[in-house]
Every structure is written in structure tokens, then in C-alpha cells.
Asker: 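Provided herewith is a single structure, encoded as C-alpha cells, for subsequent inquiry.
The sequence lines fix the lettering, A, B, ..., with proteins before strands; numbering per chain opens at 1.
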Amino acid sequence: MLLLQESFCKMNNLHFEHNQIEKKWQEKWEKNKIYTPDIVNAKRPFYNLWMFPYPSAEGVHVGTIFSSTGSDVFGRFQRMNGYDVFQPFGYDSFGIHSENYAIKIGETPQKMLARTIARYEKQFKMIGHSYDWTRIVNTSDIDYYRWTQWLFVEMFKAGLAYRKKAFVNWCPGCKTVLADEQIQTPAQAGKVPPGYEKVEDVPEGIKVCERCGNIPEFKELEQWFFRITDYADRLLEDLEKIDWSERVVIAQRNWIGKKQGINITYEVKDTKETITCFTTRPETNFGATFVVVSPEHDFTRKIVDRALKVPEHVYQDISKYLQSLHNISEDNKEKTGVFSGFYAINALTNQEMPIWISNFVLTDFGTGAVVGVPGHDIRDFDFAKKFNLPIKRVVVGKNGNTSEISQKDQVEEGEGYMINSGFLDGKTTTDAFNAIVDYLEQKGLGKRVSNYHLRDWLISRQRYWGPPIPMIFCPECKRNRKSWFDTVSKEKLIHSDYSDWDHYGWYPEENLPVLLPVIEDYRPKGNGKGPLDDHPEFYETTCPYCKAKAKRETDVSDTFLDSSWYFLRYPTVASLSAIKTAFDREITSKWLPVNLYFGGAEHAVLHLMYARFITKALYDMKHIGFDEPFPKFYAHGLMIKDGAKMSKSRGNVVNPDEYIAKFGADTLRLYLMFMGPMDGYPDFRDTGIEGMKRFVDRLWNIFNHSDIFLEEDNKKKLLSLLNRTIKKVTEDISCFHYNTAISAIMELVNLMRDLAKESARSGIEDPVWRETKNALARMIAPFAPHLAEEVWCEVLKQPFSVHKTNWPKFDANLIKDSEIKVIVQVDGRVRAIMSMRSEDAKIKQTVVESAYKIKDLDKWVKKSQVKNVIFVPGKVVNFVTK
RNA sequence: GCCCAGGUGGUGGAACGGUAGACACGCAGGUCUCAAAAACCUGUAAGAGUAACAUCUUGUGCGAGUUCAAAUCUCGCCCUGGGCACCA
């Protein structure tokens, strides 16, 4: 026995030689294509999708691996549950990130990407993910972006793409347009804008260019837009029918920002003019005392143009005021204003309300005009105070809750007076709202409307590295106009947003792609045009319809368009039909919608919104048969380092390569998954990874112990824990609680280790021991795929591959313990723990009786004192004396 | 200002009405060794208490409440992280 104990210690000194073993299996998996499902004939398709990365120059960091491993664990789990798992991989390689880095290192994006993609592939293969490497999608490939262009054309044909002048973010440092996501707070960007010393000195609300730290300006440019606002209601309503992480649903709901209200039209005294104001609180309109229009409002323009006559001194005041606004910088949010000289009539009260012109009102929200109800709105109140306008409150009945207003006390001090609207008494705010809106609509004074926070999607980029927008401007052509009429409803055609829409035509589908030419001067120019605008050999063309001289669009599309449909491309990409279509109809209906989408919550209102929109548009065009791309989306958290998001500019990026080399991919995977819950924000520290390496070695040692003889009770003990572990691990993986799944496995391994120590015998292996190892190898497979495969094939001598075997099943009968613990409480405090037969523990009388027999219990309670006994079968008995 | 997610040992975290701190990391002591590393064993919320056990008390950001029983449910605060924000 002593000798065997010694041999156990020796055995425990075995190390899992990850370097050779991991590489060996990675090669064998790829060679045998075990992760490549039969796309056409698969019986139980499961599309397991991870948000594809953009191949950044710094390579993969551990934060990326935290996320991708989370997805991979689930894919491997489902594969072992008998699904034909399709887990593809690709690169979001067209776009501003890639281009910016190429500029920085003075190389073309094409050259730079060839290198970074090769590096990414190598790194991802080292981690041992079960990707189908035969179906790579790369958004900058011609075979991909020709279909992105096709998608653009389809959107245009459906009336969902249009041009208008718009203000865009312009970085004076980089001399280029910036995407919204490139504008960050100085703290996020880690950059201090010019004129400030430290990040802390910069006032709140100022955002900067993530690259150079300059404060972006607004610049008016003519741009292509996608009409996502047409889908606002559906994007909102369909949130109900998808199973997404709740926080992402809430983020989308807020981003769409639907507000129901009414546009009330007021007549302007002594003119034929009217002013329409949007309000969500019409029930308080009896308390309206003024109207404010924005400096850009038509009414203001009419005064400036002297179409509306005002006394000369008023005109001068207004001119002076408008002039002063030009000197106010973007970040100066001080409210100023000037009286317009006119009055609007409140039809509800027949009162005259002075009309003011002020930067208090936003031009592009609602109608650009606001009715001021200072008795019920804090900002209206501030405005009224500042310019000495009257303040009125609307009386509220007992049940009404209309009067939650912070400045109530001030108002009641005598600043204003109360009036009774008759619409509020005894009503809730909603009832009052509906009553007044019905009333106003009947009288023809207003119209129910909804306003949204969501804006149309600005799709043009004055950049080089993206798909050229496949449009042609033909000064002559009328034929396009005809086609345009055929496909688009009249209502959309007369939309004032179109400037010269009737001269734009799409590039015929059969002529796609519009190739992005290889040019040397690909840097952004800073004059509001893309680099392609310097290349007549690119933009000079003939109209495909009338053969007149025409000009190509020289802007490229937003990178989010590339990623808004990539999941449709994956299943088709390796097939023959991929040359002829963006996505094969049949294959698409077999594999989509995506069964599980796994990715970061940071894309909540960008990628995830755009992808839903494009899917709905394609559904309406009858290209696909579903209108939600991701019925199930799991939002994982984000790995943190030293309290901040990992990023190169912060210098806190952790490269996984050295950890993989030193500890192995399995150890790193286990470590990352064990750090905390998948939706958390774990701070990466390498102090614990050695402990995980120890666990991997311990596992390896356990598997290499076969000389184990188990006593009967140990056998029972092991079987019971094994089955419980299978149950727990199965449940935990199903809901992405990987950290507790791993700890359950650790508990099983700890028991095995204890048993191995006391049960070593030479030449005998207990069947229970072997069964346990067999199940353990399969349970560990999603987390440590290499170790599991090595053990499965080389130690347990099972047929290749563990990743294609069945997930272990538990036997509910073996989980039941014959002895269970019952907690004995007195007044809710634990005073004893009884061990008893599980059948007995379910019977109240038996439990109570045995509890009374416990020595020392009378220290806490006497039978005579007990007023009540609470009994939870098999768990608790509580003696209540109070 | 609004919305969301969180506050549990020295650390990451478990438990999410029924033994708070599972599982780890770290630390301390020990075994083995000439020594070290590796491996293994023991201890580890705080306090009281004991020769040593036993045992008790207090503890899940703060304050109330519901309950036989609260980290968990309810209400009100405080703090941290994230998102949105001149949105009428």
C-alpha cells in the first residue's frame, strides 16, 4: 500500500504537454473536417454564430478570446448533443479601422490585411475553436462586396435609399468625415483635445475624434441615407418576439425612442400663418403661455426675409440675435432668445402666447417649434423665468398625477395662477392625454403623431476602403426615372429629401461588381469628397441605359452595411451558387435564422439594429422568408484590464500568444471561462492562470490513473456525484454559466483524487472509475478540447473524435441520496443539522420527532414553547416560539 | 437629468426565500529534499471563548418593511461601472 501511495505521488507529477498535443489535434481536426457540417443534407442544423471580428493590426487579444471561446463552448456542446453545428468564421475587413491603420503604417489596406488576416487565422487556430474553416467570409473580397453592392441596389429599388444634404461629423485633424462610433468622450478615447491640459479638464459633453483627439465640427454634405425610420415601429414591436439579453432589448427600445404625442397647430394673430408644435403632454396645454421656434424654422426665415412684417427695432433685435448665434460654439448650451413680435392663439383658452425665437428649440426634432408650458415642465419653467413669461398651472383632481413637478412650490408662491382644464379632474395622465387628443383632433386643431429618436442611417463615406456605392449620375437619362416609378410608391417619390434623385440610376445587377480600383492616393482628402473623386478613370462612364456620358458615385458605403448581411452569406459561400447569388435560397431557409448569436453588447444599437433592419427589408422584398435574423442573441460582457476596456491606445492589451505558449490553449480557455459569469466584466489578471494549469495537470493525472479499485460505498459516492455533476454541467452550459460548470467539474475531480489516493491497487480498474473518466472526458471537451481528445483517443482508447460523441446523460435515480441533511431551526436560526433517510425527511411527523430527540436542542427550545412548526419536506424544520 | 447593470472574505466569484462565502487565487504552517522547485497535506470572514475541542455573537453598501426564515422579495437612500441626453 505504501508503495502504491508513492507511485501515486509520482503519477501526480505528470504534466500535460500542451505544445505537441494541442497542435497534433488541431491538425487532425482540420484534416478530417470534423467541424464542417454537410450544409445541404444536415438533419439537425444548428447555426452557431459569433460576431466576426475586424482583423486589427495588433492581433487578437484575450478579450476577443474570452468572447469567442464563450461561443465555441456552446457550439461544441450542441455538436455533442447531436446537432449539425455550423460555426463559421470571417473578417469584417472592409472599413475605416483597417484603412486608418494602413494609413498609419503607410501601406495599402490590401497589403496590410493580407498580413493581419494571416495572423488572425493562425491565432484563432491556436485556440482550438471548432470553426468551419472552409467557409470564410471576408467583407473586402470582391466576391463578397459585389453582393453588398447588390444589396444597395435592392434598397434603392425598394425606395429605401435616398440622397439628402446633411450635417456630418468632420474631424479637422484627420480632414475626414467620421462615423458616429469614432467620436468618443476624451476618457474613452484616451485623448486630450487641443486647448486642454488633461482629460479631466475637458467639460462634460465634449466628444473627440478617437484617433487624433480633435473636436469634430459639423459640415453639410449631400449624402446617401437608408430609410431605417420607415421600419422604426416594426423594429420596436418585434423586440417582443425575440429572445435577447434584456439589456440589449432595452438599449434598442431607447435608441428607437418612440414618443407618442400630438402636433398642435396654432394660428398666428394678425397673419395667415400657423405654427405647429409637437408635445407629449397636451393635457397640460391649458397652461401654455408661450411658443418658441428654432432659429432655422420657416417662421423665422419669413421674418428675416421680410415676408412677415415686424417693426424695425424688432427686426434689428432678431437680426442681432441670429447673428450672435453664429458666435456660440457647439459646446455652449446657454439658452438665449428673442421675441418675434408675433402672438399665437391658444385655441383652448383663447389666450395670446408670445412667439419667441430661440436656440432652446432643436431644429431637427419634432416640428422645430415648441409650446411652452412652464407650469409643468422644468425647462419651460427656466425659460419663462429668464424672459419673464407668465407661468400657469393646470389644476389636478384627487387621483390625477399630472402635477409631479419639481418647481411646484415656487409656482405656488405666487409666480403664476391655477386654472382648471376640465380634462384632468380625477383622471390619470394617460386618460387625460387621450381625452385631450381626441378633443383636439375633433376640432381640427391637432393630429396624433409619433416621434422617434432613431434617425435615418447615413450610409455614405468619403473614404476609399469600402464598397463603391453602385450608383450612376446621368444628367440626360429619363429611363431610370421610369424604372424608379415602376418600383416605388408615389408617396416616397415626392419626398422633399430627394434633391436630384431623378438623375440617379443603379448599376445593372449583371454588371456588378463596381470594382474598387487599386490606387496609391487612397488617403481621405478633406474636401468632402472621397479619394475616388480624383480618378476620372473610375468615375467617368456611360449610362447603362441611355449611353450618355455619366458619372459614378465616388463615395463608398458604411462598414456596417457589410456586416448587416454577412450571416446570410456564410452557409452559401463555399457552394457553386455563391457565384450567382448573394445567398442561396434553399440553403438559407435551411440554416437561418441563426440559432444562437453570440457577441458583445456594445453593438446593441449599431450592428444589431442595422442587421435587423436589412433582414426586414430583404424579407419585404421576398428574398428571405424570415424577418428577424437572430431570434436568440446572448450578450456577453467585456474583459477589462486594470479597470479599463482593453485598447491599444491605452496600452493595456493582453496578447494571448505568450499564455498559449506557456500554459496551453486549454488552460487559457478554462481560465477565461472560469473567471466569472459570461455576461460579466472580468478584470484580466494572470495570477490565477497557474492555478488553472495545475488543474489541467491534475486532470491529466486522474485520467492516467487506471489502477483503481473502489469499495462499495466509494463506488456509490462516486456514481452519485458523477450523475449530479453531469446534471449540473448540462444545465449550466445551457444557460452560459460556464464558471459554475467548471467548478462542478473541479469538485468531481477533487473527489476522484481523494479516492485514487486511498484506492490504488495494481492491475485492476473499477468499471465505475472508468465510466467516470469516460463521462469526465466528454464534459471537459467543450472547455478543453485538446486534452479531452487526447484522453479520449489515447488513454481511454475510444474512437476519434470526442467532439462527435454524445454528451453524457445522467441517471436521476443515482442522484438521489439515501441520506440527506435536514436543517433544524428555532425561530429561523439554525440550531442543528440532522442526517436522515430521504424518505423519512419528507414526513413531517418523523422529522419533528427526530428533531426533538436532538441532544442540546432543549437549550434553544422547549416543546411547550413551540407555537408553530414550519416544515419544508426534505429541507427544513423550523420551531417558532414567537 | 433619464435608462441599464452592479455593491458578498485579502482577491475572482458561489448561493438568488431555507447551513452565506461553493469552486478557485493568494497567504500561513507542514510533508518530501542537503537545499530549492514541483507535488501533496492542513488552516484561512470577523470577534468572543477554550489548555485544546466544543460553543456562541456579528456579518452580503446604508436605513426601513414583508416573512416562521431575507445576500435573495418591497420601498427609500448612498456609492461604482456602462449607455443615452438641449428629445418638448
Asker: P atom, B/rU33 versus B/rG9: distance in rounded Å?
Answerer: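 Approximately 42 Å lies between the P atom of B/rU33 and that of B/rG9.
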Asker: Does B/rG59 count as syn, meaning its glycosidic angle lies within 90° of 0, or as anti?
Answerer: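 You should classify B/rG59 as anti.
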Asker: Among B/rA38, B/rU19, B/rC41, which nucleotide sits nearest the side chain of A/H15?
Answerer: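 Comparing B/rA38, B/rU19, B/rC41 against the side chain of A/H15, the answer is B/rA38.
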Asker: Would you measure the distance from the P atom in B/rA46 across to the matching atom in B/rA38 and give it in whole Å?
Answerer: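 Each nucleotide's P atom is 26 Å from the other's.
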Asker: Going by atom types only, do A/T740 and A/D732 share a side-chain donor-acceptor pair under 3.5 Å?
Answerer: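 A/T740 vs A/D732: donor-acceptor pair found between side chains.
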Asker: Identify every side-chain donor-acceptor pair in residues 867-878 of chain A under 3.5 Å, counting partners at least two apart or on other chains, and give the distances.
Answerer:
{"unit_1": "A/K867", "atom_1": "NZ", "unit_2": "A/T881", "atom_2": "O", "d": "3.2"}
{"unit_1": "A/N878", "atom_1": "OD1", "unit_2": "A/D827", "atom_2": "N", "d": "3.3"}
{"unit_1": "A/N878", "atom_1": "OD1", "unit_2": "A/G828", "atom_2": "N", "d": "3.0"}

Asker: So that I can tick it off, tell me whether A/K386 and A/D382 are bridged by a salt bridge, with the cut-off set at under 4.0 angstrom between side-chain N and carboxylate O.
Answerer: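 Answer for the salt bridge query: no.
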Asker: In whole angstrom, what separates A/D754's CG from B/rU42's C1'?
Answerer: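 Those two atoms, CG and C1', are 13 Å apart.
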Asker: Examine B/rC23: is either OP1 or OP2 under 4.0 Å from a nitrogen or oxygen in the side chain of A/N739? Give yes or no.
Answerer: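 No, no such contact exists.
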Asker: With heavy atoms under 4.0 Å as the rule, sort A/V373 into base, sugar-phosphate or nothing.
Answerer: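 No contact.
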Asker: For A/E731, enumerate each residue passing the side chain to side chain contact (heavy atoms under 4.5 Å, CB included) test, keeping only those at least two apart in sequence or located in another chain.
Answerer: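 Once residues adjacent in sequence are excluded, the partners of A/E731 under the side chain to side chain contact (heavy atoms under 4.5 Å, CB included) criterion are A/K727.
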Asker: Which residues pass the side-chain hydrogen bond (donor to acceptor under 3.5 Å, both in side chains) test with A/Y634, sequence neighbours left out?
Answerer: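 Result, side-chain hydrogen bond (donor to acceptor under 3.5 Å, both in side chains) vs A/Y634: none returned.
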Asker: Which sits closer to the 5' end of RNA chain B, A/S743 or A/Y452, going by the nucleotide each is nearest to?
Answerer: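 Of the two residues, A/S743 wins.
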Asker: Rounded to the nearest angstrom, tell me the gap between atom OH in A/Y681 and atom P in B/rC4.
Answerer: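 Atom OH in A/Y681 sits about 15 Å away from atom P in B/rC4.
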Asker: Under the criterion ring-ring contact (aromatic ring centres under 6.0 Å, His included), which of A/W700, A/F663, A/F703 is the partner of A/F16?
Answerer: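 By the ring-ring contact (aromatic ring centres under 6.0 Å, His included) criterion, A/F16 pairs with just one of A/W700, A/F663, A/F703: A/W700.
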Asker: What is the separation between atom NE2 on A/H297 and atom C1' on B/rA88, rounded to the nearest whole Å?
Answerer: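 Interatomic distance, NE2 of A/H297 to C1' of B/rA88: 13 Å.
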Asker: For nucleotides B/rU67 and B/rA15, find the distance between their P atoms and express it as a whole number of Å.
Answerer: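 Their P atoms lie roughly 28 Å apart.
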Asker: For the pair made of CG in A/D679 and C1' in B/rC4, what is the distance, rounded to whole Å?
Answerer: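 Interatomic distance, CG of A/D679 to C1' of B/rC4: 13 Å.
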Asker: Between P on B/rA88 and NE2 on A/H453, what's the gap in Å once rounded to a whole number?
Answerer: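 Checked: the NE2 to P distance equals 11 Å.
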Asker: Round to the nearest Å and state the distance from A/F16 atom CZ to B/rA39 atom P.
Answerer: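 It is 16 Å, rounded to the nearest whole Å.
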Asker: Looking for any heavy atom pair under 4.0 Å, which part of the strands does A/I250 touch: base, sugar-phosphate only, or nothing?
Answerer: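 Contact class for A/I250: sugar-phosphate only.
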Asker: Quick one: side chain to side chain contact (heavy atoms under 4.5 Å, CB included) partners of A/T276, sequence neighbours excluded?
Answerer: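 Listed in chain order: A/N263, A/T265, A/T367.
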Asker: In whole Å, what is the span from the NZ atom of A/K259 to the P atom of B/rC84?
Answerer: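 In whole Å, B/rC84 P lies 15 Å from A/K259 NZ.
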Asker: Suppose you measure atom C1' in B/rU58 against the same atom in B/rC53; what distance do you get, rounded to whole Å?
Answerer: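 That atom pair is separated by 22 Å.
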Asker: Sticking with atom C1', work out how far B/rG7 lies from B/rG12, rounded to a whole angstrom.
Answerer: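 To the nearest whole Å, 15 Å.
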Asker: In whole Å, measure the gap between the P atoms of B/rG59 and B/rG1 for me.
Answerer: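 Their P atoms lie roughly 33 Å apart.
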Asker: Output the pairing pattern of RNA chain B as a dot-bracket string, 5' first, Watson-Crick or G-U wobble with both distances under 3.5 Å, | for cross-strand pairs, [ ] for crossing pairs.
Answerer: (((((((..(((.....[....)))((((((.......))))))((((......))))..(((((..]....))))))))))))....
Asker: Can you give me the N/O atom pairs linking the protein to nucleotides 24-26 of chain B at distances under 3.5 Å, or say none if there are none?
Answerer:
{"unit_1": "B/rA24", "atom_1": "OP1", "unit_2": "A/N750", "atom_2": "OD1", "d": "3.3"}
{"unit_1": "B/rA24", "atom_1": "OP1", "unit_2": "A/N750", "atom_2": "ND2", "d": "2.6"}
{"unit_1": "B/rC25", "atom_1": "OP1", "unit_2": "A/R694", "atom_2": "NH1", "d": "3.4"}

Asker: What residues form a side-chain hydrogen bond (donor to acceptor under 3.5 Å, both in side chains) with A/K258, not counting sequence neighbours?
Answerer: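 Counting only residues at least two positions away or on another chain, A/K258 forms a side-chain hydrogen bond (donor to acceptor under 3.5 Å, both in side chains) with A/D233.
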Asker: Please enumerate all protein N or O atoms sitting under 3.5 Å from an N or O of nucleotides 63-68 of chain B, with distances to 0.1 Å.
Answerer:
{"unit_1": "B/rC68", "atom_1": "O2'", "unit_2": "A/N878", "atom_2": "ND2", "d": "3.4"}
{"unit_1": "B/rC68", "atom_1": "O2", "unit_2": "A/N878", "atom_2": "ND2", "d": "2.2"}

Asker: Can you name the side-chain hydrogen bond (donor to acceptor under 3.5 Å, both in side chains) partners of A/S720, sequence neighbours left out?
Answerer: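 By the side-chain hydrogen bond (donor to acceptor under 3.5 Å, both in side chains) rule, A/S720 matches A/R724.
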Asker: Listed by chain and number, what are the ring-ring contact (aromatic ring centres under 6.0 Å, His included) partners of A/Y266, not counting sequence neighbours?
Answerer: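 In terms of ring-ring contact (aromatic ring centres under 6.0 Å, His included), with neighbours along the sequence ignored, A/Y266 is linked to no residue.
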Asker: In whole Å, what is the span from the CZ atom of A/R455 to the C1' atom of B/rC84?
Answerer: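 One finds 13 Å between C1' of B/rC84 and CZ of A/R455, rounded.
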Asker: Kindly say if A/R829 contacts the phosphate of B/rA70, meaning a side-chain N or O under 4.0 Å from OP1 or OP2.
Answerer: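 Result: no.
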Asker: Could you check if a side-chain atom of A/H453 sits within less than 4.5 angstrom of a side-chain atom of A/F365, using non-hydrogen atoms only?
Answerer: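 Answer no - side chains too far apart.
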Asker: Distance between the C1' atoms of B/rG21 and B/rA71, in whole angstroms?
Answerer: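 Here B/rG21 and B/rA71 have their C1' atoms 11 Å from each other.
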Asker: Do A/V729 and A/L748 make a side-chain contact, defined as non-hydrogen atoms from C-beta onward lying under 4.5 Å apart?
Answerer: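 A side-chain contact is absent here, since even the closest heavy-atom pair is not under 4.5 Å.
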Asker: Between B/rU42 and B/rC32, how far is it from one C1' atom to the other, in whole Å?
Answerer: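 About 16 Å, rounded to a whole number of Å.
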Asker: So, using side-chain hydrogen bond (donor to acceptor under 3.5 Å, both in side chains) as the criterion, who are the partners of A/R247 when residues are at least two apart?
Answerer: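 So A/R247 forms a side-chain hydrogen bond (donor to acceptor under 3.5 Å, both in side chains) with A/Y681.
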Asker: Counting side-chain heavy atoms from C-beta on, which of B/rU19, B/rC40, B/rC3 comes nearest to A/K821?
Answerer: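 Nearest listed nucleotide: B/rU19.
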Asker: Just jot down the side chain to side chain contact (heavy atoms under 4.5 Å, CB included) partners of A/V249, sequence neighbours excluded, or say none.
Answerer: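 By the side chain to side chain contact (heavy atoms under 4.5 Å, CB included) rule, A/V249 matches A/L239, A/W244, A/R253.
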Asker: Find which nucleotide of RNA chain B each of A/A744 and A/P682 is nearest to by heavy atoms, and output the residue with the more 5' nucleotide.
Answerer: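 The residue closer to the strand's 5' end, by nearest nucleotide, is A/P682.
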Asker: Quick one: is B/rU19 close enough that its OP1 or OP2 comes under 4.0 Å of any side-chain N or O from A/K875?
Answerer: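 No, because none of the side-chain N or O atoms of A/K875 sits under 4.0 Å from OP1 or OP2 of B/rU19.
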